[in-house]
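To start, the structure under review is shown below, and the notes come after it.
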Amino acid sequence: MTRELLVEMVGRGVVTPTGLISQGRGEAYDYLMGERTIAPAEEAERTAAAHLLDARNPVICINGNAAALDAPGLIALAKAVPARIEVNLFHRTPERMEAVISHLESEGAGEVLGREPDERIPGLEHDRALCTREGIWSSDVILVPIEDGDRAEALVAMGKTVISIDLNPLSRTSRAASVPICDEISRATANMLRFVGELRGDGQSIIKAKESFSPAECRRRTVDAICDSLRAGFE
């Protein structure tokens, strides 16, 4: 069903053909994790919720694949925090920007930033550098599902807390992220939404979740879980 949806979204201009390659790579890692939320991912999702709640200007950055795969979940999370939504695309044209933003609006998003960029992320030469001052540029915590590694690195270099959703724990995005979530996007957004509800107003738990989290340890445990799953296949 997901694959058919993405093919439909290619026809609508929301997803590019290269986005299908990205999805296939992610599915492979999801198989290796048992197509479920593993413990280190759940810990990262709780930490991500803590950062979003404690942020001054949290932003959820959405590209074509993310919009196609889980627009309702991302919109619900943005409303719950609350956080701004900004669309940012590598393969950017006015027509595709409009297609993605219109899709999000049709799913119930309020104001979606990105149509009229007025800033550039330092260190990036391609269109992914384009952003808005009130959104990505001024954010202190930013959620970047299904992200390109170079932009994740550039956002960290700007001093931002970067929360990634990337099923590959070895990707540049996961290695760069302050909070790397290795989980399928709809499971990740549902879990973060639950944790936002649980942590809201609990300042001590928010601080503890942020301070006790290690991105390197989270990725190590994720790789361990994949190795355990592979070994189990031979038992």
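- Checking side-chain atoms of Thr222 against main-chain N and O of Cys218 turns up a donor-acceptor pair under 3.5 Å.
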Exercise for review: Before giving the answer on side-chain contact (heavy atoms from CB on, under 4.5 Å), spell out for Glu35 and Glu27 the whole-Å C-alpha distance, their side-chain angles and the decisive distance to 0.1 Å.
Suggested key: CA-CA 9 Å; Glu35 295 181 282; Glu27 285 181 354; over 6 Å; no
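- Among Asp183, Ile181, Val81, Leu74, the one residue that satisfies the side-chain contact (heavy atoms from CB on, under 4.5 Å) test with Met192 is Ile181.
- Looking at heavy atoms from C-beta onward, Ser186 lies out of side-chain contact with Leu69 at the 4.5 angstrom threshold.
- Between Ser171 and Arg219 the shortest side-chain heavy-atom distance does not fall below 4.5 Å.
- To the nearest 0.5 Å, atoms CD (Glu98) and CZ (Arg96) are separated by 13.0 Å.
- Side-chain atoms of His126 and Asp150 form a donor-acceptor pair, as typed in the model, at a separation below 3.5 Å.
- Residues Val156 and Ile163 do not share a hydrophobic cluster, defined by chaining ILVMFWY side chains whose heavy atoms lie under 4.5 Å apart.
- Shown here for Asn63 and Val100, the closest heavy-atom pair between the two residues is O-CG1, 4.4 Å.
- Scanning both residues, Leu124 and Ala154, for their nearest heavy atoms gives CG-CB, 4.0 Å.
- Of the inter-residue distances, the one linking Gln23 atom CD with Leu167 atom CG reads 8.5 Å to the nearest 0.5 angstrom.
- A donor-acceptor contact shorter than 3.5 Å links the side chain of Arg200 to the backbone of Ala80.
- Residues Gly19 and Asn65 approach most closely at O-ND2, 3.0 Å, considering heavy atoms.
- Thr16 contributes atom OG1, which lies 8.5 Å from atom CD1 of Ile21 (distance to the nearest 0.5 angstrom).
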Review point. Can Tyr29 and Ile226 be said to form a side-chain contact (heavy atoms from CB on, under 4.5 Å), step by step?
Key: CA-CA 8 Å; Tyr29 279 94; Ile226 291 173; 4.1 Å; yes
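- Rounding to the nearest 0.5 Å gives a distance of 7.5 Å between OG of Ser106 and CG of Leu104.
- Contact check on Arg221 versus Glu43 returns a salt bridge, with a Lys/Arg side-chain nitrogen under 4.0 Å from an Asp/Glu carboxylate oxygen.
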Exercise for review: Could you give me the CA-CA distance, side-chain angles and deciding distance for Ser102 and Glu107, then say whether side-chain contact (heavy atoms from CB on, under 4.5 Å) is met?
Suggested key: CA-CA 9 Å; Ser102 295; Glu107 292 289 342; over 6 Å; no
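- Proximity of Glu8 to Arg12: side-chain heavy atoms (C-beta onward) are separated by under 4.5 Å at one or more points.
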Review point. So Arg187 and Asp30, salt bridge (charged side-chain N to carboxylate O under 4.0 Å, His left out) or not? Walk me through it.
Key: CA-CA 11 Å; Arg187 295 197 301 264; Asp30 202 19; 2.7 Å; yes
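- Nearest heavy atoms, Ser164 versus Pro180: OG-CA, 3.4 Å.
- Asp127 has no carboxylate O lying under 4.0 Å from a charged side-chain N of Arg120, or vice versa, which leaves the two without a salt bridge.
- Cluster annotation: Trp137 and Val141 are assigned to distinct hydrophobic clusters (Ile/Leu/Val/Met/Phe/Trp/Tyr, side-chain heavy-atom contacts under 4.5 Å, transitive).
- When the options Arg92, Met97, Glu119, Glu116 are evaluated for a side-chain contact (heavy atoms from CB on, under 4.5 Å) with Leu130, the one that passes is Arg92.
- Between the side chain of Lys160 and the backbone N or O of Ile136, at least one donor-acceptor pair lies under 3.5 Å.
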Got a list of side-chain donor-acceptor pairs under 3.5 Å for residues 49-62, not counting sequence neighbours?
residue	atom	partner	partner atom	Å
Asp54	OD2	Lys210	NZ	2.6
Arg56	NH1	Ser138	O	3.3
Arg56	NH2	Ser138	O	3.3
Asn57	ND2	Glu134	O	3.4
Asn57	ND2	Ser138	O	3.4
Asn57	ND2	Ser138	OG	3.0

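- With hydrogens and angles left out, the side-chain atoms of Thr132 and Asp118 include no donor and acceptor closer than 3.5 Å.
- Put simply, Leu32 and Ile38 are part of the same group of oily side chains (I, L, V, M, F, W, Y) that touch within less than 4.5 Å, one to the next.
- No side-chain heavy atom of Arg3 sits less than 4.5 Å from a side-chain heavy atom of Leu6.
- Linking ILVMFWY residues whenever their side-chain heavy atoms come closer than 4.5 Å, directly or via other members, leaves Leu113 and Val87 in distinct clusters.
- Checked by atom type and distance alone, the side chain of Ser178 never pairs as donor or acceptor with a backbone atom of Thr161 at under 3.5 Å.
- Pairing each heavy atom of Ala68 with each of Leu5, the nearest pair is O-CD2, 3.2 Å.
- Using a 4.5 Å heavy-atom threshold, the side chains of Met33 and Ser229 count as separate.
- Put simply, CD on Gln204 and CD1 on Ile207 are 7.5 Å apart, with the number rounded to the nearest 0.5 Å.
- Checked by atom type, the side-chain pair Arg25/Asn168 shows no donor-acceptor distance below 3.5 Å.
- Summarising the geometry of Val223 relative to Pro169, their closest heavy-atom pair is CG2-CG, 4.0 Å, with the distance given to 0.1 Å.
- The closest side-chain heavy-atom distance from Arg84 to Glu111 is below 4.5 Å.
- Cluster membership for Phe90 and Val112, using ILVMFWY side-chain heavy atoms within less than 4.5 angstrom, is not shared.
- Considering only heavy atoms from C-beta on, Ile75 comes within 4.5 Å of Ile85 through its side chain.
- When atom types are taken as modelled, the side chain of His103 and the backbone of Val14 share no donor-acceptor pair closer than 3.5 angstrom.
- Between Pro122 and Met158, the closest side-chain pair of non-hydrogen atoms falls below 4.5 Å.
- Atom OG1 of Thr189 and atom CZ of Arg194 lie 12.0 Å apart (nearest 0.5 Å).
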Practice item. Test side-chain contact (heavy atoms from CB on, under 4.5 Å) on Ile165 and Ile146 and set out the steps. Key: CA-CA 6 Å; Ile165 302 177; Ile146 316 175; 5.7 Å; no
